[in-house]
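Just so it is clear, the model here is predicted, and its values are computed rather than measured.
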Amino acid sequence: MTAFALALPFSAATRRTVAAALLTAAAGLQFTTAQAQDGPQLNLQRVELTAGMHRIDAQVAATPQERQTGLMHRKEMPQHEGMLFVFEQPAQQCFWMKNTLLPLTAAFVDDDGTIVNLADMKPQTLDSHCSAKPVRYVLEMNQGWFAKKNIKAGAKLGGALFSRK
């Protein structure tokens with residue numbers, strides 16, 4: 001901000017006014033973003049996945065904003081539904097549960113659909129739950145869903161997103 005303000009051919013008072021206006025605009029954008037996150041996101045694109053014989057109807061969180069909001073503010077989620085977080089490239093992914101009301105299990109998933117590891121996550125905590133290795137996908141389901149279906153690390157998810165290698 002300082003380099004920008006010094007480069008302007010205006011008086012110091014004008015530069016301060018411009019800087020204040022930019023800061024106010026930035027604060028307004030942050031406020032708008034925060035306001036948009038006050039409720040659950042329910043209208044994301046969906047994809048059908050499979051885990052063995054089990055069908056999963058997953059909302060897709062593919063943009064930074066969608067991933068940041070995730071399943072926050074949801075009071076309930078049907079048992080066969082979840083959210084698939086899609087990242088541009090594999091990396092160690094870490095999740096937390098701020099403003100998330102439901103207990104969830106995160107499945108950290110490799111490019112070919114293999115579940116690398118699972119993590120049970122408590123609601124409304126800032127505890128970090130990370131992938132054991134770089135992954136491109138994370139599937140969140142109601143806590144206990146994977147255990148009830150006897151789906152563990154090493155199992156493969158199916159669906160159009162996963163390449164078979």
Side-chain angles (χ1 to χ4, degrees), residues 22-52 54-162:
L22 288 172
L23 288 173
T24 301
L29 287 174
Q30 289 175 347
F31 179 75
T32 301
T33 302
Q35 289 296 315
Q37 295 176 13
D38 283 346
Q41 53 185 355
L42 300 171
N43 297 315
L44 297 178
Q45 177 184 347
R46 291 180 178 268
V47 64
E48 184 172 313
L49 304 174
T50 58
H54 308 286
R55 188 182 71 79
I56 301 165
D57 180 18
Q59 286 187 293
V60 178
T63 69
Q65 180 61 39
E66 291 167 350
R67 291 190 300 258
Q68 181 180 347
T69 302
L71 289 168
M72 287 182 181
H73 310 292
R74 288 257 183 113
K75 294 181 180 168
E76 60 185 12
M77 184 169 64
Q79 285 301 307
H80 71 284
E81 290 187 14
M83 183 169 285
L84 182 68
F85 295 79
V86 180
F87 295 88
E88 290 77 21
Q89 52 192 319
Q92 183 179 42
Q93 306 299 340
C94 294
F95 280 58
W96 58 333
M97 298 285 285
K98 181 178 180 182
N99 298 323
T100 306
L101 308 174
L102 302 171
L104 300 171
T105 300
F108 297 95
V109 183
D110 214 347
D111 279 355
D112 68 354
T114 301
I115 298 174
V116 172
N117 62 298
L118 296 163
D120 286 338
M121 303 184 297
K122 293 180 184 176
Q124 301 188 46
T125 62
L126 299 179
D127 299 339
S128 190
H129 305 277
C130 300
S131 59
K133 71 176 208 173
V135 296
R136 186 184 315 263
Y137 306 103
V138 180
L139 175 63
E140 288 183 341
M141 299 291 290
N142 285 307
Q143 193 170 97
W145 188 89
F146 293 100
K148 288 176 190 170
K149 312 283 192 245
N150 200 27
I151 298 168
K152 300 175 181 175
K156 283 202 175 193
L157 299 180
L161 290 176
F162 305 117

Short side-chain to backbone donor-acceptor contact, R136 and E88, under 3.5 Å: yes
Under 3.5 Å: donor-acceptor pair, side chain of Y137, backbone of P90: no
Donor-acceptor pair, side chain of D111 and main chain of F162, under 3.5 angstrom: no
Shortest non-hydrogen separation from M121 to A106 and the atoms involved: CE-CB, 3.7 Å
Note: R46-E81 ion pair, threshold 4.0 Å (strictly below): yes
Partner residues of Q59 under the side-chain hydrogen bond (donor to acceptor under 3.5 Å, both in side chains) criterion, sequence neighbours left out: R74
side-chain contact (heavy atoms from CB on, under 4.5 Å) evaluation trace for I56 with T50: CA-CA 6 Å; I56 301 165; T50 58; over 6 Å; no
Shortest non-hydrogen contact from Q79 toward N142: NE2-ND2, 3.3 Å
Spatial distance of atom CG (L101) from atom CE (M72) [nearest 0.5 Å]: 10.0 Å
side-chain contact (heavy atoms from CB on, under 4.5 Å) evaluation trace for L84 with V47: CA-CA 8 Å; L84 182 68; V47 64; 4.2 Å; yes
CE-CG distance between M83 and L71, expressed to the nearest 0.5 angstrom: 4.0 Å
Atom pairs and distances, donor-acceptor, side-chain atoms in residues 147-154, under 3.5 Å, two or more places apart:
none

Partners passing side-chain hydrogen bond (donor to acceptor under 3.5 Å, both in side chains) against R67 (at least two apart in sequence or in another chain): none
Flag side-chain contact, heavy atom, 4.5 Å: K98 against Q124: no
Smallest separation among heavy atoms of V109 and L157, with atom names: CG2-CD1, 3.8 Å
What pairs of donor and acceptor atoms, side-chain ones from residues 128-135 against any protein atom, are under 3.5 angstrom apart with sequence neighbours left out?
from: S131; atom 1: OG; to: Q93; atom 2: N; distance (Å): 3.0
from: S131; atom 1: OG; to: K133; atom 2: O; distance (Å): 2.8
from: K133; atom 1: NZ; to: D110; atom 2: OD2; distance (Å): 3.0

Non-neighbouring partners of T100 that pass side-chain hydrogen bond (donor to acceptor under 3.5 Å, both in side chains), sequence neighbours left out: none
From W145, F146, F108, residue fulfilling side-chain contact (heavy atoms from CB on, under 4.5 Å) relative to L139: F146
Audit row: Q65, T69, side-chain contact (heavy atoms from CB on, under 4.5 Å) steps and yes/no: CA-CA 6 Å; Q65 180 61 39; T69 302; 3.2 Å; yes
Pairs where residues 77-107 contributes a residue and the test ring-ring contact (aromatic ring centres under 6.0 Å, His included) is met, not counting sequence neighbours: F85-F95
Steps toward side-chain contact (heavy atoms from CB on, under 4.5 Å) verdict (N99, H73): CA-CA 6 Å; N99 298 323; H73 310 292; 3.9 Å; yes
Nearest heavy-atom neighbours spanning L104 and Q143: O-NE2, 3.2 Å
Any donor-acceptor N/O pair, T125 side chain to K122 backbone, under 3.5 Å: yes
Side chain E66, main chain A62, donor-acceptor under 3.5 Å: yes
Charged N-O contact under 4.0 Å between K156 and D112: yes
